Protein chains: 4
Amino acid sequence: MKKSEKTKQKILTVTINLIAKRGYASTSTREIAEQADVSEATIFKYYKSKDKLLKTIVIQTMEKLFKSSSEKKLSEIINKNKSKNPEIILKTLLEERFNFFDEHKNELKVIFQEMLINKKVQNYFKEEIWSKMVKISDGLFKQIKNKCTLKEEIDGYMFRKTLFGMIFFTILFENILEDNINLDSNKQATLISNIIFDGISF
Amino acid sequence: MKKSEKTKQKILTVTINLIAKRGYASTSTREIAEQADVSEATIFKYYKSKDKLLKTIVIQTMEKLFKSSSEKKLSEIINKNKSKNPEIILKTLLEERFNFFDEHKNELKVIFQEMLINKKVQNYFKEEIWSKMVKISDGLFKQIKNKCTLKEEIDGYMFRKTLFGMIFFTILFENILEDNINLDSNKQATLISNIIFDGISF
Amino acid sequence: MKKSEKTKQKILTVTINLIAKRGYASTSTREIAEQADVSEATIFKYYKSKDKLLKTIVIQTMEKLFKSSSEKKLSEIINKNKSKNPEIILKTLLEERFNFFDEHKNELKVIFQEMLINKKVQNYFKEEIWSKMVKISDGLFKQIKNKCTLKEEIDGYMFRKTLFGMIFFTILFENILEDNINLDSNKQATLISNIIFDGISF
Amino acid sequence: MKKSEKTKQKILTVTINLIAKRGYASTSTREIAEQADVSEATIFKYYKSKDKLLKTIVIQTMEKLFKSSSEKKLSEIINKNKSKNPEIILKTLLEERFNFFDEHKNELKVIFQEMLINKKVQNYFKEEIWSKMVKISDGLFKQIKNKCTLKEEIDGYMFRKTLFGMIFFTILFENILEDNINLDSNKQATLISNIIFDGISF
DNA sequence: CATGAATGAGCTTTCATTCAT
DNA sequence: AATGAATGAAAGCTCATTCAT
């Protein structure tokens, strides 16, 4: 990597960690500069404004969420397992995603935090990410419907809510509220898909 | 209400709405003053500092969450229905809570937003609120265990995660991500307790 | 004393003590109100403005410095002892003054502190007080000249400087810089007039 | 001098003059910025806080008072003249000091003003400066004792009081109270040491 | 007689940003 | 490729002061 590329990346990493910890508005460019060991001027050289620095983080992360390897992997998983039990598909999908989440926890925190108060990030997420998540979730839901008899009141929306509720909770609040959690991605995925398919009771 | 009490309350209301919309750090006392139609000096007269203004909101809301009527109602519901199906208990609890959430959506947003970045709020919530939520949820979980045969991997923690994942999602993200949702508290409660008990499939 | 008179006096006393400790600019009307156990409004009712409150203190103290009993006492002392050794006159004068200073240390501190930065107080002091002090000191100096042979370079100005240098130092800095000083007014007066007349050596 | 060094120095100079004139609490950073022809932000860039700006002035001046050239000069004077009349030593010391005082009148005013109300400055001055002044003054007093017969009541403390009383008076009040004083350092030193040794009378 | 309620103006301080070097 | 030097604008907060009650 070129030196300038390295510097750019360092700024990005530091910023992600700081925003994840303190929030965007409470993270000053001075602090970023100090921790990234560059001058404030350098930050503005590379990213024009604090806002564009955030934008870069948000967009980069969102792109990663569904890009290249990521997107392919997901559709591969769905296609490969078409014939199989949808519970297994869900479990496999979740496992792949949880691995991603683990690696990008701070970036995702930044996005979710900002989404709560930043209209642009809201729209961007809704259009670029949520729409895809809805699509995948709906696809899965259809497959399930084909194989199982569902309660009539349960629709795609409630399916999403259960699924993404747990995911968002895991990313945002679990570390804060729960002590001593040591579930690997596989275990997490198994338990969640289990609950979704059968509830907690037999 | 005395005039001063009115002013204090107005400041509080305006602040809650502003912080829910923009976040704490991005809400200036100047803006609060303008919208509450008082001078900045008045805000500081009543609340000493911006930080204490936030603290007041957080504590007041947390107290409401489990105080007096609230706490009694919850234990009443649990006691009254001891003999009944735990699914019904859960449903009744949820319905009561969703009514509360609807009335206090912005205050809750303030708390959850701050919890993501503010250590004090994190600890306060964990000790004062989350511990009680865990207790209730565990109590319920035990009742369920007594009446139904549960999968062995499912424990109180996964139960919480499902339940509160959906609740947090509803409060924080639903309005942003989902269009045209028109579920009343009763409907919400029914669907969620349904899913938790039976999953989405028969 | 009437109640209102009592309140007025309490405000004055508190203010003097506070200003002596912190300085005028660093003493807030809020603090005065708190310590005097009245509302800020009450202060402004009696003294119109913070500035006039200071003015009251300054003028009252200055008046005390040379008024009534005070002024009479001084000229009495001078007249009574005209025939005596000027050293004794000086000693007697000083003793009387040191007793006054002890009783009004804080008020005097307020005046001297303010004199360093406040043009009005400077002029007021110069015209109302210093001029009288110069007159007395000059009178004394003349008496001394009549009885003793003075070095030719020593004039009224140097006499003043020695005398009031020690006095000002005593009022302003002695407490701060010197530990364990336990000289009563009589002792102080004796030593100072001693030094002035004979220097420190025989 | 580098540009930044120049700016820093300018801020310092302006601040000293302003505080000497108005007092610390009545000097706003706004005013300093205007007179130093920089922005307020620049002041805080270099000095972190208004308090630290004052601290810089106080410490720098105190260091100057006894550092390098200064301290050496003083002990040189004392050593060189050991055999001579202590009156001459005192005179020489005073002359050297009065030259310093003339050059640093405003800085010294700042220190003395602050000393009246600021505990930290009080302690700092007492420990760093006054202790040394006492030492020098005591050393001199001993020399005098060896050569002259002193009145028994006169001790080091009264010696200090006379000496530093006049010095403090000169720095703080003379300009304010006395008109048309045109004594150079040499003259001042001569007169003061004269008075101290012989009083005003033969 | 006294104060509760309110504030405009000003304070110190921090922020994101610029630009010459 | 990077930064030292500087800043306008805005932040949180305090102050002396007013006035209706």
Side-chain angles (χ1 to χ4, degrees), chain A residues 2-8 11 25-33 36-53, chain B residues 2-8 11 25-33 36-53, chain C residues 2-8 11 25-33 36-53, chain D residues 2-8 11 25-33 36-53:
Chain A
K2 273 201 301 185
K3 199 188 167 201
S4 71
E5 223 29 65
K6 246 184 177 170
T7 309
K8 267 186 91 168
I11 293 169
S26 304
T27 300
S28 70
T29 50
R30 173 152 58 83
E31 212 172 357
I32 296 172
D37 217 28
V38 297
S39 73
E40 279 189 84
T42 303
I43 297 173
F44 285 89
K45 200 179 164 242
Y46 285 126
Y47 295 100
K48 299 288 184 215
S49 76
K50 194 190 168 193
D51 241 56
K52 288 212 178 107
L53 177 53
Chain B
K2 270 205 306 187
K3 203 189 166 201
S4 70
E5 240 5 90
K6 248 184 178 168
T7 308
K8 268 185 92 167
I11 292 169
S26 304
T27 301
S28 71
T29 51
R30 190 109 62 213
E31 211 172 358
I32 296 171
D37 216 28
V38 297
S39 73
E40 278 189 86
T42 301
I43 296 175
F44 286 93
K45 195 121 216 224
Y46 287 124
Y47 296 101
K48 302 288 183 210
S49 73
K50 197 191 166 191
D51 241 56
K52 286 208 179 113
L53 178 53
Chain C
K2 272 199 302 184
K3 200 188 166 201
S4 72
E5 223 28 67
K6 247 185 176 168
T7 309
K8 266 187 92 169
I11 292 169
S26 304
T27 301
S28 70
T29 50
R30 174 154 55 85
E31 212 171 359
I32 297 172
D37 218 28
V38 296
S39 73
E40 280 188 83
T42 302
I43 297 173
F44 285 89
K45 201 182 162 240
Y46 285 126
Y47 295 101
K48 297 288 183 214
S49 75
K50 194 190 168 192
D51 241 56
K52 288 212 178 108
L53 178 52
Chain D
K2 270 204 306 189
K3 203 189 165 200
S4 70
E5 237 10 84
K6 249 184 177 168
T7 308
K8 269 186 92 169
I11 292 170
S26 305
T27 301
S28 72
T29 50
R30 187 113 62 215
E31 212 172 358
I32 297 172
D37 217 29
V38 297
S39 73
E40 280 189 85
T42 302
I43 297 174
F44 285 92
K45 196 121 216 228
Y46 286 125
Y47 296 100
K48 303 286 183 211
S49 74
K50 196 190 166 192
D51 240 55
K52 285 207 180 116
L53 178 52

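Predicted, not measured: the structure shown is a model, and the values here were computed from it. To find a chain, count down the sequence lines: A is the first, B the second, and so on, and within it residues start at 1.
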| Should B:S4 be listed as having a side-chain N or O under 4.0 Å from OP1 or OP2 of E:dG4? |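 The answer is no; no side-chain N or O of B:S4 sits under 4.0 Å from OP1 or OP2.
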
| B:T7 side-chain N/O to E:dA6 phosphate OP1/OP2 under 4.0 Å |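 For E:dA6, OP1/OP2 do have a side-chain N/O of B:T7 under 4.0 Å.
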
Write down the distance between [atom1] ([X]) and [atom2] ([N]), rounded to a whole number of angstrom.
{"X": "B:K52", "N": "F:dC13", "atom1": "NZ", "atom2": "C1'", "answer": "12 Å"}
{"X": "B:I43", "N": "E:dA5", "atom1": "CD1", "atom2": "C1'", "answer": "15 Å"}
{"X": "C:I32", "N": "F:dC15", "atom1": "CD1", "atom2": "C1'", "answer": "12 Å"}
{"X": "D:K6", "N": "F:dA6", "atom1": "NZ", "atom2": "C1'", "answer": "16 Å"}

| Closer to the 5' end of DNA chain E via nearest nucleotide, is it B:Y46 or C:Y46? | C:Y46

| To the side chain of B:K2, which of F:dA6, E:dA5, F:dT3 is closest? | E:dA5

| Side chain of C:S39: nearest nucleotide among E:dG4, F:dA6, F:dA1? | E:dG4

| Results of side-chain contact (heavy atoms from CB on, under 4.5 Å) for B:K48 - residues two or more places apart only |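 Counting only residues at least two positions away or on another chain, B:K48 forms a side-chain contact (heavy atoms from CB on, under 4.5 Å) with B:K52.
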
| By side-chain contact (heavy atoms from CB on, under 4.5 Å), which residues pair with D:F44, not counting sequence neighbours? |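 Here the qualifying residues are D:T29.
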
| said: To the closest 0.5 Å, what do you measure between CD1 (D:I32) and CG (D:D37)? | reply: 14.0 Å

With sequence neighbours excluded, residues passing side-chain hydrogen bond (donor to acceptor under 3.5 Å, both in side chains) with [X]:
{"X": "D:S49", "value": "none"}
{"X": "B:S4", "value": "none"}
{"X": "B:T7", "value": "none"}
{"X": "B:D51", "value": "B:Y24"}

| Base-pairing string, 5' to 3', of DNA chain E - Watson-Crick or wobble, under 3.5 Å, | interstrand | .||||||||||||||||||||

| said: Using a heavy-atom cut-off of 4.0 Å across all strands, would you classify B:Y47 as base, sugar-phosphate, or nothing? | reply: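 Counting heavy atoms under 4.0 Å across all strands, no contact is made by B:Y47.
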
| Letter per nucleotide, 5' to 3', of nucleotides 16-21 of chain F [B base touched, S only sugar-phosphate touched, - untouched; heavy atoms, 4.0 Å] | BBBB--

| Partners of B:E40 by salt bridge (charged side-chain N to carboxylate O under 4.0 Å, His left out), sequence neighbours excluded? |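 Here the qualifying residues are B:R30.
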
| Which atom pair, heavy atoms only, marks the closest approach of C:I43 to C:A33? | CD1-N, 3.6 Å

